[in-house]
Amino acid sequence: MTEIEVKGWCPGALRPMRSGDGWVVRVRPRAARLTRAQALGLCEAAQTHGAGLIDLTNRANLQIRGVTDAALAPLQDTLAALDLLDSDPELESRRNILIAPDWAEGDDSARLYDQLAARLAELPALPPKMGFAMDTGPAPVLSHDPADFRIERSASGLILRAEGRALGMALDKGHEIDTLIRLADWFMASGGARAGRMARHTAPLPDWATWDVQPHPARARLAAGPAPVGLILGAAFGQIIAQDLAKVMRASDAPGLRLTPWRYLVLEGVRALPLPDSLIATPDHPALRVDACAGAPLCPQASVETRALARALAPHISSSLHVSGCAKGCARARDADITLIGREGRFDLVIAGQTRASGLNAADALAYFRGD
C-alpha cells in the first residue's frame with residue numbers, strides 16, 4: 001500500500017511546495033483582493049513562469065502551478081514587484097485570514113482584517129493551518145469554511161466565536177483583535193497545540209468571558225452570476241486559464257478582482273460580460289458541482305487520474321461530487337454527497353458517508369452513474 005504523506009502545512013509564495021509538475025506557488029492576496037494591475041500581472045506571471053494555469057483554493061488564495069526550479073526566483077521577484085509577497089515565510093504562513101467576499105471599504109470585515117494582518121507577530125506560534133475568519137456582514141457567510149477563530153455578527157453586535165462552539169462572546173468596539181489574540185494565547189496555554197485545531201480542542205473556554213451569544217443564522221454563499229458586489233465567475237475544478245482571465249479583465253472595467261473560499265472569482269462592479277468557455281457565470285452549471293484535485297501524475301500522492309473522470313461524471317450527477325486522487329481529500333474542505341477516493345490505482349465509492357463499492361476503475365465509476 002502506498003503511504004500517504006500529509007505535509008501538515010500549506011504552500012506559499014516564499015515557501016512553495018513540490019508537486020509532480022514542478023513547484024506549486026501559492027499567492028495570498030491581502031483581503032482576498034487583487035487590484036486590476038495585480039490581476040493582469042499575475043496572469044502574465046503564470047504564463048511566463050508557470051504552466052499558464054491559476055488554481056483557486058478553498059482558502060481564497062491562488063496557486064501558480066508548473067513552476068520550474070529556474071523560474072521560481074524570477075516568479076518571486078515578479079510577485080514582490082506586484083506587492084503580492086510577504087516579508088518572510090513565517091508572516092506568510094500566519095496570514096491565514098478569510099474575509100467575507102462582499103466586504104466593503106471601511107466596513108467591519110475590512111477594518112478587522114487590516115488590524116489583524118498588522119498584528120500577526122503578536123499571535124502565539126499556533127499549529128500549522130490554523131486560521132481566522134472576518135465575517136461581519138449582515139449574517140455570517142463563511143460558517144461552513146474552516147476557521148479556528150471567527151468574528152461574526154449577532155443581533156446585538158460583533159462576537160468572537162471559537163470553531164466548534166455554537167455560541168460566542170460579545171466584543172467591545174476597538175478591542176476585537178486584542179480579545180482574539182487573548183483567545184489564541186489561551187488556546188496554546190491550555191494545551192491546544194496537542195489538538196492542532198480549535199474544533200478538536202476539548203478544554204472549556206476561558207472564564208474571563210461569557211460565551212452565550214448566538215450569531216445570526218448563516219446566509220447563503222454567493223453563487224455564480226451577477227451579484228451586488230460584481231460578476232461572480234467559476235471554472236471547472238477552480239482552475240483558471242491565465243490567458244482567458246487576462247482577456248476578461250481587459251474587456252471589463254473592473255477595478256479589481258476578489259477571491260472566495262468557494263473557488264469563485266468576483267469581477268468588481270461588473271454585471272455582464274462575454275466570457276470564454278473556461279469561465280462560468282451560470283450557477284447550475286454541472287462543472288461547478290464537482291471538486292477534483294490535480295490527481296496523477298501531477299500530484300505524487302495520487303494514484304489515479306481525477307479530472308477527466310470528474311468531467312465525464314458531472315452531467316450524470318445532480319448533487320455534489322468530489323473525486324480525490326488519494327485519501328487526503330485536498331480539493332474539498334467539506335464532505336460531498338458523492339466521493340470517489342483513489343487507492344492503489346483504483347477508486348473507492350462513498351455515498352452519503354457510506355462506502356458503496358471498492359476497487360472501481362474509471363470505466364466502472366462512469367457506468368455506475370450512467371446506469372449502464
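This is a predicted model, so every value here is computed, not measured. Numbers here simply count residues along the sequence, with the first being 1.
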Side chain to side chain donor-acceptor pair (under 3.5 Å) pairs touching residues 177-186, sequence neighbours excluded, are Arg119-Asp178, His175-Asp178
Side chain to side chain donor-acceptor pair (under 3.5 Å) pairs touching residues 213-229, sequence neighbours excluded, are Asp102-Arg219
If I compare all heavy atoms of [X] with all of [Y], which pair ends up nearest, and what's the gap?
X	Y	value
Leu158	Leu112	CD1-CD1, 4.0 Å
Phe149	Met198	CE2-CE, 3.3 Å
Ala32	Ile99	CB-CG2, 4.0 Å
Thr78	Ala45	CG2-CB, 4.0 Å
Leu62	Pro29	CD1-CG, 4.3 Å
Pro11	Gln63	CG-OE1, 4.0 Å

Could you go step by step and tell me if Leu123 and Leu180 meet the side-chain contact (heavy atoms from CB on, under 4.5 Å) rule? CA-CA 9 Å; Leu123 289 165; Leu180 186 153; 4.3 Å; yes
In Å, rounded to the nearest 0.5 Å, how long is the span from [atom1] of [X] to [atom2] of [Y]?
X	Y	atom1	atom2	answer
Ile159	Glu152	CD1	CD	5.5 Å
Glu92	Leu120	CD	CG	12.0 Å
Ile151	Leu116	CD1	CG	7.5 Å
Leu79	Leu84	CG	CG	6.0 Å
Thr260	Leu56	OG1	CG	7.5 Å
Phe187	Leu205	CZ	CG	11.5 Å

Contacts of Ala147 meeting side-chain contact (heavy atoms from CB on, under 4.5 Å) (sequence neighbours excluded), chain-then-number -> Ala133, Arg150
Quiz item: Tyr368 and Leu321: same hydrophobic cluster, using ILVMFWY side-chain contacts below 4.5 Å?
Solution: yes
Are any of the side-chain heavy atoms of [X] and [Y] separated by less than 4.5 Å?
X	Y	value
Pro101	Tyr264	no
Trp262	Leu222	yes
Ser252	Val270	yes
Leu82	Thr35	no
Leu267	Leu257	yes
Val25	Leu72	yes
Glu268	Arg33	yes
Asp145	Arg334	yes

Judged by atom type as modelled, is there a donor-acceptor pair below 3.5 Å linking the side chain of [X] to the main-chain atoms of [Y]?
X	Y	answer
Asp135	Ala100	no
Thr68	Ala71	yes
Ser109	Thr136	yes
Ser303	Gly345	yes

Given the rule in the side-chain contact (heavy atoms from CB on, under 4.5 Å) test, do Ile338 and Val350 qualify, once you have shown the distances and angles that lead to the verdict?
CA-CA 6 Å; Ile338 301 166; Val350 179; over 6 Å; no
Aromatic Trp23 / basic Arg65 pairing, under 6.0 angstrom, 45° off normal: no
So does Asp277 have more than 12 non-hydrogen atoms from other groups sitting under 6.0 Å from CG? no
More than 12 foreign heavy atoms under 6.0 Å from CD of Glu44: is that the case here? no
Restricting to side-chain hydrogen bond (donor to acceptor under 3.5 Å, both in side chains), what partner residues turn up for [X], sequence neighbours left out?
X	answer
Arg28	none
Ser324	none
Ser93	none
Asn61	none

Residues at least two apart in sequence or cross-chain that pass salt bridge (charged side-chain N to carboxylate O under 4.0 Å, His left out) with Glu176, listed by chain then number, are Arg111
With a cut-off of 3.5 Å and sequence neighbours excluded, list every side-chain donor-acceptor pair involving residues 287-299.
from   : atom 1 : to     : atom 2 : distance (Å)
Arg289 : NE     : Ile317 : O      : 3.2
Arg289 : NH1    : Asp284 : O      : 3.4
Arg289 : NH2    : Ile317 : O      : 2.8
Asp291 : OD1    : Arg263 : NH1    : 3.2
Asp291 : OD2    : Arg332 : NH1    : 2.7

In short, ring pair (Phe, Tyr, Trp, His ring centres under 6.0 Å) pairs touching residues 270-326 with sequence neighbours left out are none
The complete set of ring pair (Phe, Tyr, Trp, His ring centres under 6.0 Å) pairs with one or both residues in residues 32-77, sequence neighbours excluded, reads none
Any chance you could lay out the side-chain contact (heavy atoms from CB on, under 4.5 Å) test for Leu98 and Met134, step after step, and finish with the verdict?
-> CA-CA 6 Å; Leu98 292 180; Met134 302 298 127; over 6 Å; no
Distance-only check: which donor-acceptor pairs under 3.5 Å involve side-chain atoms of residues 228-249, not counting sequence neighbours?
from   : atom 1 : to     : atom 2 : distance (Å)
Gln239 : NE2    : Asp55  : OD1    : 2.9
Asp244 : OD2    : Ser278 : OG     : 2.6

TODO: For the pair Arg18 and Asp69, find out whether any cationic side-chain nitrogen is under 4.0 Å from an anionic carboxylate oxygen.
DONE: yes
| message | Set out, in order, the CA-CA distance, both residues' side-chain angles and the distance that settles side-chain contact (heavy atoms from CB on, under 4.5 Å) for Asp364 and Phe347, then state yes or no. | response | CA-CA 9 Å; Asp364 295 333; Phe347 291 95; over 6 Å; no
